[in-house]
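Working notes for the structure below.
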Amino acid sequence: MSQLSREEALTIARNALPMFGIAEDAVIDFVKHRENVVFRVSEGSAAFALRIHRLGHRTDDEVGTEGAFMTALGAEGLPVPAVVRTVAGALFALVPDSSGRMHHVDVQRWVAGGKPLGDAGAAWLGEDGLDTEVFARLGELCATFHQASRRIGKVSGYSRPAWDAEGLAGAAALWGDPRRLGRTDDERDAIDAAVRRIGQRLDQLGTAPENYGVIHADFTPENVLTAGDRHVLIDFDDFGEGWWLFDLATILFWYHRHPQAVEYRQALLAGYRRHADIPERAMEDLDTFILARGLTYLGWAADRPGDETSDFLQSEVLPVVVDLCREYVAVDGQLPEGRLPEGQHTPRDASLLARRAATIGPHSPLFYDRPLHFVSGDGVWLVDSEGNRFLDAYNNVPQVGHANPRVADAVCRQLNTLNVHTRYLSEPIVDYAEQLLGTFDAPLDRVYFTNSGSESNELAIRIARHMTGRSGVIVTDHSYHGNTIALAALTTGLTVSEPFGDHVRPIHVPDLDREGKTSDSGVILDRALAAIDEAIASLVESGHGVAALLIEPAFSTEGLPRVPEGYLEGVVERIRAAGGLVIADEVQTGLGRLGDVWWGHQATGIKPDLVTLGKPLGNGYPLGGVVTTAAILESFSSANMYFNTFAGTATAAAAGQAVLNEITYHGLIARSGELGRHVASRLDDLVASHPRAASAKGRGLFFGLELVDDDGRPDAGLAKRIVEALVRERILISRIGPNDNILKIRPPLVIGLDELDRVIDALDVALAAETRAEAVHA
């Protein structure tokens with residue numbers, strides 16, 4: 001649940017209580033926070049489990065389906081917790097947080113005296129020692145559940161992703177790609193071969209009703225409670241259609257290494273068969289399901305590096321599952337000796353991956369399912385270690401192209417001459433500062449140089465705190481501005497371990513392409529500006545006050561939203577009225593990226609007090625900056641000695657000046673505007689011809705495409721498949737947004753019209769192919 005602290009969750013839970021007819025003063029105790037947040041609510045002699053679903057993980061229909069299915073199971077006499085409806089009769093409530101984001105909340109009766117049957121980790125380590133009779137009763141519980149599920153079928157309005165061959169072993173598996181957790185190329189090869197074979201076996205087994213139906217899909221020791229002499233099945237968060245045997249395989253997986261594994265397996269199957277048959281053909285694939293379940297856990301862990309459970313899965317479970325994969329594949333001869341499966345790494349790259357993990361660690365992120373190894377570049381083209389050329393439509397660090405000769409020659413000349421910092425007089429840095437400031441509008445006429453965007457934003461916040469005497473910062477609710485300690489405390493767009501700052505308030509950026517379908521722009525604008533007022537009031541009330549608003553002018557990490565007219569002006573007006581400064585993060589939107597003007601804040605019409613620069617400023621040479629006014633610089637620098645050893649060197653200045661000269665000489669700013677308008681027109685055509693393309697995004701040479709499912713909901717899976725489809729065509733793009741469903745296309749400014757058309761043509765083909773493939777598998 002992105003950036004939801006325990007205190008925020010408690011507030012949401014407290015606000016939800018009246019919706020379910022529970023007294024506002026009921027006692028609320030925290031239970032757990034893994035995927036969802038769970039509280040125990042006590043009101044007199046009654047007790048409830050209140051759950052706040054992970055934000056954006058489930059749709060309304062999916063959450064409602066879960067409650068309806070559990071209600072139906074209870075009516076069939078199954079031992080499951082009783083679902084508590086809202087006072088309006090709904091199966092769940094939508095409760096806003098302080099930023100206006102709506103969270104799904106549901107409530108169930110607390111299982112009195114219930115304790116988990118066991119712990120998956122202890123089971124894996126063989127430390128629980130359950131009686132075999134317990135497994136016989138588990139088999140009976142699973143069988144009676146399946147019988148009830150057969151009678152119920154799909155509840156009215158059913159909406160759930162399936163644990164079918166695609167969900168278990170497809171390109172967009174429900175719990176992630178297990179290959180990413182492999183530590184070596186050999187491990188990844190074994191996992192990949194096993195996944196492919198599992199998919200083949202499951203396709204052959206088929207989904208006839210005797211083998212397949214609505215299952216629990218997470219039948220683990222933790223999800224079966226013992227209450228007196230009975231077992232109660234809980235946690236239907238992952239239920240959906242799948243093979244009946246997958247539920248049995250889930251619990252058998254965790255006892256795979258137990259000293260009594262054979263007896264447990266026999267007892268579980270015997271208990272199940274007392275109430276339901278297991279077709280002989282399905283039994284042939286029980287071990288396939290057990291391995292498939294193990295691989296789902298590896299996929300889960302690969303998406304959550306640093307999590308305590310993920311660490312356990314990587315250290316304890318991964319080696320065993322890899323060995324199982326090798327054994328499973330060896331039976332069918334899936335890996336011919338000396339031959340790599342299609343799409344896997346060469347020995348050279350496999351060795352490089354291993355060395356990389358042993359030095360900079362396995363958690364440093366890599367792009368794409370198969371990480372790419374580039375050895376050279378030229379303009380918008382990159383060449384990999386096998387000689388393949390890729391069109392780079394993503395990287396903005398080489399703003400004026402990979403291996404730009406003007407920049408490279410300028411850096412080399414200066415390094416061969418002199419490279420001193422700003423504590424000596426140096427013409428190059430002053431020449432560069434004058435040229436850079438000439439691209440800004442008054443009163444922005446002073447600059448501090450830094451090494452990176454992170455350092456720039458850190459310095460800007462420090463300056464804002466000095467100028468205002470306050471500490472409060474307002475950011476958007478899905479943003480990233482750098483990786484220092486101060487910036488981690490206000491990061492909302494990616495995972496960090498640091499707690500979200502008490503001095504920070506997130507605001508939601510409205511998007512007319514999404515919200516405008518249900519409300520008019522005036523209503524959306526009023527609601528968004530009211531949220532700003534609330535954030536400011538909260539900071540003032542807490543004693544922090546407002547030091548700064550830190551935003552990116554185009555809100556790229558937020559998914560390039562189309563904001564209502566007057567929104568940015570209204571936000572800036574309110575910040576200034578509260579005594580705060582406005583910081584425009586131009587790391588991604590600056591240097592002509594949005595077309596027609598030099599800077600993103602000029603394109604979007606705001607007048608910041610500080611502008612932060614980074615990444616593209618040196619075209620790969622580490623260079624950043626903070627541009628501000630003479631008055632602000634005088635106030636801050638007279639009280640704080642600030643200098644930077646490397647950012648103010650003559651070589652840094654040479655790199656920066658060469659970038660400005662390239663942009664000016666080739667007319668790249670006007671050209672970006674012209675090309676951007678061409679791209680916008682072509683993207684609009686894609687939206688008109690592809691129902692899954694909901695809207696075109698962006699401006700200039702920073703653009704995107706919003707992808708949705710058939711019901712208009714964000715479709716991250718489709719976006720990922722499109723990205724990978726373009727990589728297969730040797731075109732690099734990425735994806736962004738709170739739901740990861742917006743394609744991100746942000747090429748070097750030297751890209752040409754033909755190359756842009758190649759990207760759009762490839763998008764057109766990939767969209768058609770991927771949606772066709774979905775229809776075939778539906």
Side-chain donor/acceptor of R179 to backbone N/O of R188, under 3.5 Å: no
Counting N and O atoms only, with roles assigned by atom type, does the side chain of H104 sit under 3.5 Å from a partner on the main chain of L55, one being a donor and the other an acceptor? no
Begin from the C-alpha positions of E241 and I215 and carry the test side chain to side chain contact (heavy atoms under 4.5 Å, CB included) through to its verdict. CA-CA 6 Å; E241 287 188 288; I215 63 173; over 6 Å; no
Would a 4.5 Å heavy-atom cut-off, applied to side chains only, mark L298 and V321 as touching? yes
Okay, side chain of S310, backbone of R304: is any donor-acceptor separation there less than 3.5 Å? yes
Can a donor-acceptor pair be found, under 3.5 Å and without considering hydrogens, that links the side chain of N36 to the backbone of R54? yes
Less than 3.5 Å apart, any donor N or O on the side chain of H53 or D106 sitting next to an acceptor on the other? yes
Donor-acceptor under 3.5 Å (E187 side chain, R183 main chain): yes
Cationic tip of R6 above F30 ring, under 6.0 Å, 45° of axis: yes
Other residues, nucleotides and ligands only: do more than 12 of their heavy atoms fall within 6.0 Å of CD1 on I485? no
Would R293 pass as a cation-pi partner of W254, given that its NZ or CZ must be under 6.0 Å from the six-membered ring centre and within 45 degrees of the axis? no
What about Y272 and H146, are their ring centers closer than 6.0 Å? yes
Quick check against the 3.5 Å criterion: does D164 have a side-chain atom that pairs as donor or acceptor with the backbone of G167? yes
Do the rings of F289 and F246 sit parallel, tilted or perpendicular, given the 30° and 60° boundaries? perpendicular
Are W110 and F48 close enough that their ring centres sit under 6.0 Å apart? no
Distance flag, aromatic centroids of F145 and F219, threshold under 6.0 Å: no
Aromatic plane relationship, Y158 with F239 - under 30° parallel, 30 to 60° tilted, over 60° perpendicular: perpendicular
Answer yes or no: does atom CD of E133 have more than 12 heavy-atom neighbours from other residues, nucleotides or ligands under 6.0 Å? yes
Any side-chain to backbone donor/acceptor pair from S99 onto P506? Under 3.5 Å, distance only. yes
Within the distance-only criterion (no hydrogens, no angle test), does the side chain of T144 pair as donor or acceptor with the backbone N or O of E140 below 3.5 angstrom? yes
Aromatic contact between Y212 and W244, with the criterion being ring centroids under 6.0 Å apart: yes or no? no
Are F253 and Y297, when compared by the centres of their aromatic rings, separated by less than 6.0 Å? yes
